[in-house]
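A quick write-up on the structure given underneath.
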Amino acid sequence: MAAGQIAYTGQEIAPAVPMWLNKGDNAWQMTASTLVGIQSMPGLVILYASIVKKKWAVNSAFMALYAFAAVLLCWVLLCYRMAFGDELLPFWGKGAPALSQSYLVGRAKVPERVATDPLYPMATLVYFQFTFAAITLILLAGSVLGRMDIRAWMAFVPLWLIFSYTVGAYSLWGGGFLYRWGAIDYSGGYVIHLSSGISGLTAAYWVGPRIKSDRDRFPPNNVLLMLAGAGLLWMGWSGFNGGAPYAANIDSSIAALNTNVSAATSILVWTCLDVIFFGKPSVIGAVQGMITGLACITPGAGLVQSWAAIVMGMLAGSVPWVSMMIIHKKCSLLQKVDDALGVFHTHAVAGLMGGLVTGLLAEPNLCKLILPRDTRGAFYGGNGGVHFAKQIVAALFVIGWNVMSTTLILLVIRLFIPLKMPDNQLEIGDDAVHGEEAYALWGDGEQYDQRKHGWHASEMTSPSPYVNGARGVTINL
């Protein structure tokens with residue numbers, strides 16, 4: 001039995017409280033699920049809406065909103081059991097609905113932890129794992145913001161969930177061949193971050209770049225709101241990694257602490273590098289550093305000591321910085337592919353590095369708290385070198401599968417739907433795509449018109465609301 005779990009004996013208290021139910025574990029797992037859900041809704045919705053150019057705020061937010069809803073329906077209809085059900089292939093489970101009462105109210109079963117099944121119902125686990133699937137697709141969306149046809153995105157989300165995400169999840173978490181082989185992915189460094197970063201870069205290649213004016217100048221339209229979204233993302237990560245042990249136990253506490261230590265360290269390192277090389281700290285850079293620190297610690301959050309979390313944070317704040325600021329500018333392929341938010345650097349590079357470092361620094365006693373076999377990083381001797389090699393092989397499988405599946409999905413979609421918006425929509429943005437804009441600049445949604453609202457029209461129209469002779473507002477986003 002996992003550390004911190006309580007063995008219940010005797011008769012059930014009521015039909016809704018069977019003797020196997022641990023109320024503390026169930027409460028924490030539902031809380032963790034909600035924290036991860038908040039990372040997407042509203043966290044990434046706000047972050048995406050504010051970090052892009054004003055004309056793409058609505059479209060970017062809607063892509064995240066749509067993905068969250070579409071993934072949930074696909075998850076309960078088919079995909080949960082493809083990722084965590086009975087084996088169909090060594091890398092894929094048998095798809096089936098997760099909707100019946102008999103399935104959802106029974107005790108949760110986790111194939112990769114047969115000896116320590118969670119002490120709460122399957123409904124809790126289905127919801128928890130849904131939030132991970134949803135955020136993966138929303139992270140991927142960051143690579144194709146500002147130009148992907150919304151209809152193509154609507155088709156891409158369920159197809160990628162079925163043919164890409166479920167394969168990685170089953171292989172590493174659901175009892176598939178990589179898990180049985182001994183590869184480690186504590187909470188999604190490979191399944192979520194490496195997958196979203198590699199698939200995002202692949203999708204950006206096939207969709208094509210933004211128009212030149214957007215690619216040359218793409219400033220955030222609201223830096224303070226961007227920080228609010230980033231804050232929700234950071235705080236929600238305590239549930240992201242803290243919920244991975246499937247119980248409110250010792251390992252959950254270690255994971256939550258390490259998560260925050262790594263993120264804080266990475267922010268400081270990234271900011272210092274910005275100051276050293278560019279002469280000033282960047283708020284956007286700090287947010288990027290936060291994300292890399294969180295992504296890097298994820299594959300080993302509950303398996304490494306807290307001093308190792310600092311090491312991982314230092315690496316997360318420096319290696320992706322170098323890949324984004326230096327290597328990207330010298331690599332012709334990366335220059336050609338328009339990864340709008342740099343998801344490849346912040347998630348693929350950071351997630352891959354975290355998985356490899358976990359293969360070096362996974363502490364044997366911490367591994368025993370959650371893993372059913374003797375596991376240790378290469379730093380601790382024994383068979384650790386073999387485990388490190390397995391981390392490399394697992395990463396190569398995830399990279400290869402995501403490149404292949406994402407490419408095939410997009411090639412099929414473009415037979416029926418253009419992957420990229422037409423030029424008139426690319427020039428205008430939200431108003432052309434959705435008939436809506438993010439900000440009402442005047443009155444009841446009326447767009448700002450200098451001829452009507454500027455200071456020079458004050459004698460012909462009502463006075464400006466800006467008192468003391470204000471000259472009118474020039475907004476350049």
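Positions are given from 1, in the same order as the sequence printed here.
A distance of 10.0 Å separates CZ of Phe130 from CG of Leu161, quoted to the nearest 0.5 Å. Here OG of Ser164 is found 11.0 Å from CG of Leu159. Values are rounded to the nearest 0.5 Å. Atom-to-atom distance recorded for Met404:CE and Ile409:CD1 is 9.5 Å, nearest 0.5 angstrom. Here the CE atom belonging to Met122 is positioned 10.5 Å from the CZ atom belonging to Phe84, to the nearest 0.5 angstrom. For the atom pair Met154 CE and Ile413 CD1, the distance stands at 12.0 Å (nearest 0.5 Å). Taking OG1 of Thr358 as the reference point, atom CD of Gln391 lies at 6.5 Å (rounded to 0.5 Å).
No hydrogens or angles considered: a donor-acceptor pair under 3.5 Å links the side chains of Thr166 and Trp92. The closest side-chain donor-acceptor pair between Thr406 and Thr202, if any, does not fall under 3.5 angstrom. Side chain to side chain, His347 and Ser196 fail the donor-acceptor criterion of an N or O pair below 3.5 Å. For the residue pair Asp214 and Trp56, a side-chain donor N or O sits within less than 3.5 Å of a side-chain acceptor on the partner. Side-chain contact of Tyr439 with Asn221: a donor-acceptor pair under 3.5 Å is present, judged by distance alone. Side-chain contact of Trp160 with Thr136: a donor-acceptor pair under 3.5 Å is absent, judged by distance alone. In the model, Tyr186 has a side-chain atom that pairs as donor or acceptor with a side-chain atom of Asp251 under 3.5 Å.
A ring-centre distance under 6.0 Å is not found for Phe132 and Tyr165. A centroid separation of 6.0 Å or more is found between the aromatic rings of Tyr66 and Phe156. Trp28 has its ring centre no less than 6.0 Å from the ring centre of Tyr120. You'll find the ring centres of Tyr170 and Tyr179 outside the 6.0 Å limit.
For Trp153 (side chain) and Met63 (main-chain N/O), a donor-acceptor pair under 3.5 Å exists by modelled atom type. Judged by distance alone, the side chain of Lys94 and the main-chain N or O of Gly85 form no donor-acceptor pair under 3.5 Å. Of the possible polar contacts, one joining the Thr131 side chain to the Phe128 backbone as a donor-acceptor pair under 3.5 Å is found. Here the side chain of Lys420 pairs no donor or acceptor atom with the backbone of Leu426 at under 3.5 angstrom. In this structure, the side chain of Asp185 does not engage the main chain of Leu172 through any donor-acceptor pair within 3.5 Å. Remark: the backbone N or O of Leu47 is paired with a side-chain donor or acceptor of Ser50 at under 3.5 angstrom. Checking side-chain atoms of Thr346 against main-chain N and O of Gln288 turns up no donor-acceptor pair under 3.5 Å. The backbone N or O of Pro97 lies less than 3.5 Å from a partner atom in the side chain of Arg81, making a donor-acceptor pair. In this structure, Trp75 contributes its side chain and Val126 its backbone to a donor-acceptor pair below 3.5 Å. Side chain of Tyr246 to main chain of Gln29: no donor-acceptor pair is present (N/O by atom type, distance under 3.5 Å, no hydrogens or angles).
Here the side chains of Pro121 and Asn26 are in contact, with some heavy-atom distance below 4.5 Å. Contact annotation: the side chain of Leu125 approaches that of Tyr80 to within less than 4.5 Å [non-hydrogen atoms, C-beta and beyond]. At a threshold of 4.5 Å between non-hydrogen side-chain atoms, the residues Ile135 and Phe240 count as touching. Put simply, the side chain of Val393 does not reach to within 4.5 Å of the side chain of Lys390, judged on heavy atoms. For the pair Thr259 and Thr298, the minimum side-chain heavy-atom distance is 4.5 Å or more. Met421 places none of its side-chain heavy atoms less than 4.5 Å from the side chain of Arg147. By the 4.5 Å heavy-atom criterion applied to side chains, Pro220 and Ile284 are counted as neighbours. Between Val110 and Pro118 the shortest side-chain heavy-atom distance falls below 4.5 Å.
The aromatic rings of Trp401 and Phe91 lie tilted to each other, with the angle between the two planes from 30° to 60°.
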Stepwise, does the salt bridge (Lys or Arg N to Asp or Glu O under 4.0 Å) test hold for Arg210 with Asp338? CA-CA 7 Å; Arg210 291 165 289 176; Asp338 182 15; 2.7 Å; yes
What do the steps show when you test Asn424 against Glu427 for side-chain contact (heavy atoms from CB on, under 4.5 Å), and what is the final call? CA-CA 5 Å; Asn424 65 312; Glu427 291 288 346; 5.9 Å; no
Report the C-alpha separation of Leu194 and Asn402 in whole Å, then their side-chain angles, then the decisive distance to 0.1 Å, and conclude whether the side-chain contact (heavy atoms from CB on, under 4.5 Å) test is met. CA-CA 9 Å; Leu194 184 58; Asn402 278 276; over 6 Å; no
Between Val403 and Ile198, does a side-chain contact (heavy atoms from CB on, under 4.5 Å) hold up when you go through it step by step? CA-CA 7 Å; Val403 170; Ile198 293 298; 3.5 Å; yes
Derivation of the ring-ring contact (aromatic ring centres under 6.0 Å, His included) call for Tyr190 and Phe397: CA-CA 10 Å; Tyr190 287 177; Phe397 171 79; over 10 Å; no
Given side-chain hydrogen bond (donor to acceptor under 3.5 Å, both in side chains), test Trp234 with Asn260 step by step and report yes or no. CA-CA 8 Å; Trp234 185 353; Asn260 288 274; 3.0 Å; yes
Would Phe163 and Leu408 count as a side-chain contact (heavy atoms from CB on, under 4.5 Å) here? Give the steps. CA-CA 10 Å; Phe163 294 105; Leu408 292 176; over 6 Å; no
Trace of the ring-ring contact (aromatic ring centres under 6.0 Å, His included) decision for Trp321 with Phe277: CA-CA 11 Å; Trp321 187 95; Phe277 287 93; 5.1 Å; yes
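Contact detail for Leu352 and Ala395: the closest heavy-atom pair is CD1-CB, 3.5 Å. The nearest pair of heavy atoms linking Asn258 to Ile297 is O-CG1, 3.8 Å. Here the shortest heavy-atom pairing between Ser323 and His345 reads OG-ND1, 3.0 Å. Contact between Gly37 and Phe68 at its shortest, heavy atoms only, is O-CE1, 4.0 Å. Residue Ser143 comes nearest to Asp339 through the heavy atom pair OG-OD1, 2.9 Å, listed as atom of the first residue, atom of the second, then distance. When every heavy atom of Ala70 is checked against every heavy atom of Val157, the shortest pair comes out as CB-CG1, 4.0 Å.
Open room surrounds OH on Tyr205; 12 or fewer heavy atoms of other groups in view lie less than 6.0 Å from it. In the displayed structure, Gln335 atom CD is contacted under 6.0 Å by more than 12 heavy atoms of other residues, nucleotides or ligands. The number of heavy atoms from other shown groups lying within 6.0 Å of CE (Met30) does not exceed 12.
Between Glu437 and Lys54 there is a salt bridge, since at least one side-chain N of the basic residue sits less than 4.0 Å from a carboxylate O of the acidic one.
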